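Each remark here refers to the structure printed beneath this line.
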Amino acid sequence: MRTPAYKTWRAGVESVKGCLHPVRLTGTWEVRHAGSGDLITSRQGRVWSSCGTRRAAVCPSCADRYAADAWHLIHAGMNGGKGVPDTVARSPRLFATLTAPSFGPVHNRPGRRPCTCGRWHPDGHPLLGSPLDPASYDYTGAVLWQAHSGQLWHRFTTALRRAVAKAGGLTVRESTSHLRISYAKVAEYQLRGLVHFHAIIRADGPTGPDTPPPTWLTADVLTNAVHTAASSVQVDTERPDGTPLPLRWGNQVDIKDITTTNLDLPETADDDEDQAVADTRLASYIAKYATKGTGATDTGDRRIRSQMHIDQLRVSDHHRAMIQTAWNLSGQEQYADLKLRHWAHMLGFRGHFLTKARRYSVTFKQLRAERQAHQLHAALTDAGLPADTDVIVINDWQILGIGHLTPEQLELATAIGDRIRRTAQQARKDPR
C-alpha cells in the first residue's frame, strides 16, 4: 500500500521530471496585481526544483532539458524561429569541425582495419584513443593545448572575419557596413581526451539575421575563409622548462555546406529529404554534444580535491595521466592564471561547451524566460484572469536539502526519470 509520504515524494520526483539531484525548498510563491497589490494566486509549503545541470552523466533528465534548449538555440540560427527571421535559411551556412593536433600516436581505426599496434579494436574498446607509447606521449602539450583551446577559438573567429573581409576587398572596419559573421559552436571530447569544436557558421548582412549578406559572399567564399583562418592562427605559450610551445589547430578541418542536404551525419535522413528536415537533424546532432562529459568513467563532472582523489578515480590510465598532468602543472607559477587544478576533472579544458555569437540566435536566458512566462500565464488562466494581466511575482524560498535521502530513493527516482524520458522521446517521434 502506498503511504501518503510516498505519494508526496513521488509527486516531487515527477514535478522535476525525475531529476537525480533535486533542490528541496520550503516557502511561498505569490502573484499579486501590479496596480492594486491584490493577491491573485499563491502557493506555500514544500516544492522541488531541478538541479539544472547540462551533464548527462550527472542527471539525464536535466541534461535533456538543456539539450532541448540548445536545439532551439542552434536550430533558430539555421532555420529561423524564436525571434530569428526564417530568411536565415537562405544565407550561406557551414557546418565546420576544428580538431586538436596530434600529441603522439594513439590506438584507433575501430572495425575498419588493424590499428598501428597490429591489433583490431572494436567500437568501445578501452584502448581506443590511448597512446601507443604513453612514455613518449606529450601530455604536457595536450593539457596546455586544451587549456588554451578557448583562446584559440577566439583568435580563429577574429581571423575568419579578416579573411572574409579580404575576400570582398574590404578592411575589417569597412566590412561591418556590409556583413556580419555569426556562429554557434559546441565542444566535444574525442576518445583521446581532447576536445574538438563543431560549429554552425553563418554569413549575414550588416545588422545580423534580418538582412542578407552581399551577393559575393557565397558558401564557397566562406569555406575558403574558414580554411584560411584555421591554418593561420596560433597561441604561444611555454613548456615548464621555458621551451616555446606554439598551439595550433589540427590538420583535419572538416567543412560541409548546410545548403546541401546530404551531410553524411549519423542517423540522418536520406539524400532526398527536404532542407528543413536536414537542418532539424543537424541541430539535434550538435545539441547532443552540449550534454556530454569527458568520456572518462567516474570523473569529468566532479572537481578533483586531492592527490588521493586522483589515485582512487576509476578511469583509464590515459585519462588519469591527463588529470595528473593538469594537477601538477597547476602547481607551477607560470600556469597560475590557467587554474588547471580547478579544471583537472575536465582534462584541462576550461571553456564553455556551447557558445555563440551575440546575433546568431536566441539565448538560453530568453528561452528560460519564455518558459517561465508560459508557466505564469497558465497560473493566471487557472485563476480566471487574462494571460497578459500586469502582475508582480514574489518568491520566498529556503533550501531544505539537495538530492535524495536514501540510495533506494535515488534508484527509484532514476527509474521514474527513465520512464518519463522514454515517454517524451516516443511522443516526439509520434506526435499523434
Side-chain angles (χ1 to χ4, degrees), residues 53-60 63 97-110 115-117 119 121-150 152 186-198 237 239-240 245 247 250 252 288-332 335 338-353:
T53 184
R54 67 155 193 88
R55 298 184 291 268
V58 174
C59 180
T97 300
L98 277 66
T99 63
S102 174
F103 295 97
V106 298
H107 294 274
N108 56 15
R109 304 190 185 101
C115 175
T116 307
C117 71
R119 291 180 288 175
H121 302 313
D123 286 324
H125 194 281
L127 279 178
L128 288 173
S130 63
L132 292 174
D133 180 16
S136 63
Y137 190 80
D138 185 8
Y139 280 105
T140 296
V143 169
L144 289 176
W145 185 91
Q146 193 106 290
H148 289 87
S149 58
L152 191 61
V186 173
E188 179 205 4
Y189 280 93
Q190 299 171 291
L191 288 174
R192 56 186 175 140
L194 293 166
V195 295
H196 60 189
F197 295 123
H198 300 293
T237 187
R239 295 184 180 276
L245 177 62
L247 304 173
Q252 182 182 353
K288 71 179 182 180
Y289 290 118
T291 65
K292 291 181 65 176
T294 63
T297 304
D298 197 31
T299 186
D301 301 298
R302 296 171 178 82
R303 288 175 183 161
I304 306 300
R305 302 301 182 186
S306 64
Q307 181 62 52
M308 182 180 295
H309 189 176
I310 298 176
D311 296 339
Q312 295 177 349
L313 286 172
R314 291 177 294 173
V315 298
S316 68
D317 291 341
H318 176 52
H319 281 150
R320 191 190 310 278
M322 290 196 71
I323 293 169
Q324 187 68 65
T325 301
W327 185 267
N328 293 342
L329 289 175
S330 182
Q332 303 192 31
Y335 305 123
L338 299 179
K339 299 182 179 179
L340 287 172
R341 188 160 294 187
H342 185 82
W343 297 107
H345 67 299
M346 302 306 291
L347 313 183
F349 178 62
R350 306 183 303 130
H352 293 287
F353 277 79

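If you're wondering where the values come from, they're calculated on a predicted model, not measured in any experiment.
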For this session: Name all residues meeting the side chain to side chain donor-acceptor pair (under 3.5 Å) criterion together with H148; count only those two or more places apart in sequence or in a different chain, and write none if there are none.
Result: none
Problem set entry | Set of ring pair (Phe, Tyr, Trp, His ring centres under 6.0 Å) partners for H342, sequence neighbours left out | none
Exercise. Looking only at atom types and distance, does a side-chain atom of R54 sit under 3.5 Å from a main-chain N or O of A63, one as donor and one as acceptor?
Worked result: no
Exercise. Counting N and O atoms only, with roles assigned by atom type, does the side chain of T325 sit under 3.5 Å from a partner on the main chain of A321, one being a donor and the other an acceptor?
Worked result: yes
For this session: Any chance you could measure R320, atom CZ, to Q312, atom CD, to the nearest 0.5 Å?
Result: 9.5 Å
Exercise. Listed by chain and number, what are the ring pair (Phe, Tyr, Trp, His ring centres under 6.0 Å) partners of Y137, not counting sequence neighbours?
Worked result: Y139, H318
Exercise. Q146 side chain to V195 main-chain N or O, any donor-acceptor pair under 3.5 Å?
Worked result: yes
Problem set entry | N/O donor-acceptor pair under 3.5 Å between S330 side chain and W327 backbone | no
For this session: Quick one: pull up CG in L127 and CG in L191 and give me the separation to the nearest 0.5 Å.
Result: 11.5 Å
Exercise. Can you name the side-chain contact (heavy atoms from CB on, under 4.5 Å) partners of P240, sequence neighbours left out?
Worked result: T140, L329, Q332, Y335
For this session: Identify the two heavy atoms, one from A147 and one from L338, that lie closest to each other, and give their separation to 0.1 Å.
Result: CB-CD1, 4.2 Å
Problem set entry | Residues forming a ring pair (Phe, Tyr, Trp, His ring centres under 6.0 Å) with F349, sequence neighbours excluded | F353
For this session: State whether the side chain of R350 and the backbone N or O of K339 hold a donor-acceptor pair below 3.5 Å, judged by distance alone.
Result: no
Seminar exercise, completed: Taken to the nearest 0.5 Å, the spacing of I323 CD1 from M346 CE works out to 10.0 Å
For this session: Report the residues that fulfil side chain to side chain donor-acceptor pair (under 3.5 Å) with R239, sequence neighbours left out, ordered by chain and then residue number.
Result: D138
Exercise. With H196, which residues qualify under ring pair (Phe, Tyr, Trp, His ring centres under 6.0 Å), at least two apart?
Worked result: H198
Problem set entry | Side-chain touch V106/L132, heavy atoms, less than 4.5 angstrom | no
For this session: Looking only at non-hydrogen atoms, find the nearest pair between P101 and L194 and report the distance.
Result: O-CD1, 4.3 Å
Problem set entry | For the student: nearest non-hydrogen atoms of I304 and H309, plus distance | CA-ND1, 3.6 Å
Exercise. Taking all atoms of both residues into account, what is the closest heavy-atom pair of D123 and L128, and its distance?
Worked result: CA-CD1, 4.3 Å
Exercise. Which residues satisfy the side chain to side chain donor-acceptor pair (under 3.5 Å) test with T116, sequence neighbours excluded?
Worked result: R109
Problem set entry | Residue list, salt bridge (Lys or Arg N to Asp or Glu O under 4.0 Å) with R305, at least two apart or on another chain | none
Seminar exercise, completed: Tightest non-hydrogen contact, residues G141 and L247, listed as O-CD2, 4.5 Å
Seminar exercise, completed: Closest non-hydrogen contact found for H319 with S316 is N-OG, 3.1 Å
Problem set entry | Point-to-point distance, once rounded to the nearest 0.5 Å, from CG of L144 to OG of S149 | 11.5 Å
Seminar exercise, completed: By side chain to side chain donor-acceptor pair (under 3.5 Å), Q307 pairs with (sequence neighbours left out) D311, Q324
Exercise. Would you say the side-chain atoms of R303 pair up with the backbone N or O of H345, donor to acceptor, closer than 3.5 Å?
Worked result: no
For this session: Could you pull out all residues at least two apart from S136 that satisfy side-chain contact (heavy atoms from CB on, under 4.5 Å)?
Result: D133
